[in-house]
Amino acid sequence: MAPQETRLIFKHIDEEGYTNDIDCYVKNGGYEQLKKAVTMKPEDICAEVLTSGVRGRGGAGFPAGMKWKFLDRKSGKPIYLVCNADESEPGTFKDRQIIHQDPHQLIEGMMCAAFAIQAKLAFIYIRGEFFQGYKILERAIEEAREKNFLGDNILGSGYSCDIIVHRGAGAYICGEETGLIESLEGFRANPRIKPPYFPAALGAYQCPTIVNNVETLCDVKHIIEMGGEGFAKIGTPGNTGTRIWCVSGHVQKPGYYEFACSDVTLGQLIYDVCGGLKPGRKLKAVIPGGSSAKILRADERFTGKLKDGTEFDWGIEDIPMDFDSLAAVGSMSGSGGVIVMDDTTDMVEALANINYFYAHESCGQCTPCREGVPWMRKVTQRMVDGEAREEDADLLKSIADQIAGRTICAFGEAASWPVQSFIAKFKDEFVEKAKEQAARRKEGKEVAKE
Ligand code: L3W
Ligand code: SF4
């Protein structure tokens, strides 16, 4: 039997008759948690979020309550809340659904969070390409303002806060929180060095700022509803709440599925939930957390110890879908983008595609990233074009090794990890392709692009 979804954030997504206007939201219990939140002490809400153990859904999985704790409240400067809606990670498509189909859930979660951290102003930084989402949010914010769920003296609480929607202009690096802040301030989205620029201390306009992902902010509403302890009962210790898995690639039923953390294994997700692969195809590999995550090979065995000391010995299908298990097998849950590849996948072409993306998106500030990422793209492109050299696999690894850990922001790792993991796990294919192409070139035959 297919495992059951736990729809918390996606409760109303794709529900027949559910619309994204405020009346529908309120009819379904919407804004009740904000009404409750403004009667609570802000520090009590922060404590509930800490107790909930909710971890960031944007990629790094950092505990949101801890991040809020880092907020510099003594500076006397205004505090800002920023919702990171610059969803651009290849393979990830969950935040857009929330914005399109349930924008008030995000607004309610944001206002609860804003009240908790006593933000003076809140921003939604939305990916430039999400024009429809931008229009929907603008309308939803207007509706919420009319009903005094945001604006001056919210629900008579004496607390005032508004939301400004800021559109990006189509750059992946704007999703990196300090790049996002630069862009919000009107500058080129060059990421800042952390530390000292952890936004919780020095963020937007050099003021303390909390940046959270769309899904994380929606979770805040549910934490207020069920209490931190109640939320922590969903999932497992250290992996609380639900995760929305965006499954794409070679499955019969790609889409988004929400499960309590650890409630579904990778195998169940692929075969029971997504209908498996096409007839006659075999699983070759999976990238479990967006294109930046390290690839897992279908025939690998994963052994080791989890954080709590539990030993594991898993095949790819046994891996529980949660933060710690995916980290323990050497990858990450990232932003929830599960990319499934069957045995028809050409790994060189797949990596060339990923490299093309990162080479286009580097901001160019750091030399290893600015020079190295396009170099990796050049190498994989020549392999696709029939000009592969035997040393290319080693060269790719060497370039990636010299980027990771040597840059200002995590983009350096995001671009290197796919290369390092593809070469570590599929080197034979890269070498084979190079040999084949060299032999054909020697014979004077044209190497056709297949
Ligand atoms: C104050 C400290 N704050 C850490 C905060 C920090 C940040 C969070 C995590 O993201 C991931 C990558 C990809 N004082 C702090 C502190 N913080 N120590 O905690 O920080 P960090 O540095 O672990 O990660 P990060 O650089 O924020 C990197 C993912 O982002 N990514 C792509 C994401 C794409 C999407 C999407 O499309 N929806 O989210 C690209 O790299 O997974 O692991 O807030 O400030 N001492
Ligand atoms: Fe820019 Fe790349 Fe450096 Fe990040 S790692 S700051 S994207 S050049």
Side-chain angles (χ1 to χ4, degrees), residues 9-10 12-15 18-28 30-31 33-35 37-38 57-58 78 80-88 92-115 117 119-155 159-172 174-175 177 179-187 189 204-205 209-221:
I9 309 287
F10 267 29
H12 298 296
I13 300 290
D14 296 335
E15 189 179 288
Y18 190 85
T19 57
N20 60 16
D21 60 75
I22 198 161
D23 292 339
C24 182
Y25 186 68
V26 168
K27 211 159 47 184
N28 283 278
Y31 287 108
Q33 303 320 314
L34 178 60
K35 286 181 194 164
V38 294
R57 271 44 175 167
Y80 298 115
L81 174 70
V82 178
C83 168
N84 187 344
D86 190 57
E87 183 173 61
S88 319
T92 307
F93 43 87
K94 61 186 176 66
D95 298 339
R96 184 178 51 167
Q97 294 307 324
I98 297 169
I99 290 166
H100 278 213
Q101 298 192 44
D102 209 1
H104 286 286
Q105 181 181 196
L106 172 60
I107 294 169
E108 184 174 11
M110 280 186 73
M111 293 319 292
C112 292
F115 178 76
I117 62 167
K120 190 180 167 62
L121 191 59
F123 299 91
I124 301 176
Y125 188 101
I126 187 164
R127 179 181 168 160
E129 291 91 334
F130 288 178
F131 185 68
Q132 200 189 339
Y134 162 71
K135 297 299 268 183
I136 290 168
L137 279 173
E138 285 279 18
R139 197 203 64 199
I141 287 167
E142 195 49 51
E143 287 175 337
R145 201 179 283 127
E146 274 169 21
K147 296 212 184 303
N148 197 216
F149 293 133
L150 56 91
D152 290 336
N153 189 20
I154 296 168
L155 301 167
Y159 172 68
S160 303
C161 184
D162 216 319
I163 299 180
I164 291 173
V165 187
H166 184 101
R167 292 182 64 212
Y172 174 74
C174 292
E177 57 180 4
L180 182 157
I181 287 168
E182 286 283 321
S183 172
L184 193 64
E185 292 179 4
F187 303 110
Y205 311 102
T209 303
I210 289 295
V211 185
N212 284 136
N213 168 261
V214 171
E215 188 186 342
T216 318
L217 287 164
C218 290
D219 274 326
V220 174
K221 171 199 143 148

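Excluded from the calculations below are hydrogen atoms, water molecules and symmetry mates; all remaining heavy atoms, backbone and side chain alike, are included.
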Is there a side-chain contact between [X] and [Y], using heavy atoms and a 4.5 Å cut-off?
{"X": "Phe149", "Y": "Leu155", "value": "yes"}
{"X": "Leu217", "Y": "Asp219", "value": "no"}
{"X": "Leu184", "Y": "Phe123", "value": "yes"}
{"X": "Ile124", "Y": "Ile163", "value": "yes"}
{"X": "Cys83", "Y": "Val214", "value": "yes"}
{"X": "Ile98", "Y": "Cys218", "value": "yes"}
{"X": "Ile22", "Y": "Lys27", "value": "no"}
{"X": "Lys120", "Y": "Cys161", "value": "no"}

Donor-acceptor pair, distance only, cut-off 3.5 Å: does the side chain of [X] make one with the backbone of [Y]?
{"X": "Thr209", "Y": "Leu81", "answer": "no"}
{"X": "Asn84", "Y": "Val211", "answer": "no"}
{"X": "Glu108", "Y": "Gln33", "answer": "yes"}
{"X": "Asn28", "Y": "Gly30", "answer": "no"}
{"X": "Asp95", "Y": "Ile99", "answer": "no"}

Just how far is it from atom [atom1] of [X] to atom [atom2] of [Y], taken to the nearest 0.5 Å?
{"X": "Leu150", "Y": "Arg145", "atom1": "CG", "atom2": "CZ", "answer": "6.0 Å"}
{"X": "Ser160", "Y": "Asn148", "atom1": "OG", "atom2": "CG", "answer": "8.5 Å"}
{"X": "Leu106", "Y": "Ile9", "atom1": "CG", "atom2": "CD1", "answer": "10.0 Å"}
{"X": "Cys112", "Y": "Leu34", "atom1": "SG", "atom2": "CG", "answer": "5.0 Å"}
{"X": "Thr19", "Y": "Gln101", "atom1": "OG1", "atom2": "CD", "answer": "10.5 Å"}
{"X": "Ile181", "Y": "Tyr80", "atom1": "CD1", "atom2": "OH", "answer": "11.5 Å"}

Hey, what's the ring geometry for His166 with Tyr125, parallel, tilted or perpendicular (30° and 60° as the breaks)?
parallel

Parallel, tilted or perpendicular: which one describes the rings of Tyr25 and Tyr31, with boundaries at 30° and 60°?
perpendicular

If you look at every heavy atom in [X] and [Y], which pair is closest and at what distance?
{"X": "Tyr172", "Y": "Ser88", "result": "CD1-CB, 3.5 Å"}
{"X": "His104", "Y": "Glu143", "result": "NE2-OE1, 2.7 Å"}
{"X": "Tyr18", "Y": "Cys24", "result": "CD1-SG, 3.6 Å"}
{"X": "Gly128", "Y": "Arg167", "result": "O-NH2, 2.8 Å"}
{"X": "Gln97", "Y": "Ile13", "result": "O-CD1, 3.7 Å"}
{"X": "Ser183", "Y": "Ala189", "result": "CB-CB, 4.1 Å"}

Determine, step by step, whether Asp162 and Leu121 satisfy the side chain to side chain contact (heavy atoms under 4.5 Å, CB included) criterion, reporting the C-alpha distance in whole Å, the side-chain angles of both residues, the deciding distance to 0.1 Å, and the verdict.
CA-CA 6 Å; Asp162 216 319; Leu121 191 59; 4.2 Å; yes

Quick one: side chains of residues 132-141, donor-acceptor pairs under 3.5 Å with protein atoms, not counting sequence neighbours, listed by atom name and distance.
unit_1 : atom_1 : unit_2 : atom_2 : d
Tyr134 : OH     : Glu138 : OE2    : 3.2
Arg139 : NH2    : Asn20  : O      : 3.3
Arg139 : NH2    : Asn20  : OD1    : 2.9

With sequence neighbours excluded, what pairs up with Glu146 under the side chain to side chain donor-acceptor pair (under 3.5 Å) test?
none

Take Val165 and Ile126 through the side chain to side chain contact (heavy atoms under 4.5 Å, CB included) test and state the conclusion after the steps.
CA-CA 7 Å; Val165 187; Ile126 187 164; 3.8 Å; yes

Is the shortest distance from a Lys or Arg side-chain nitrogen in Arg96 or Glu87 to a carboxylate oxygen in the other one below 4.0 Å?
no

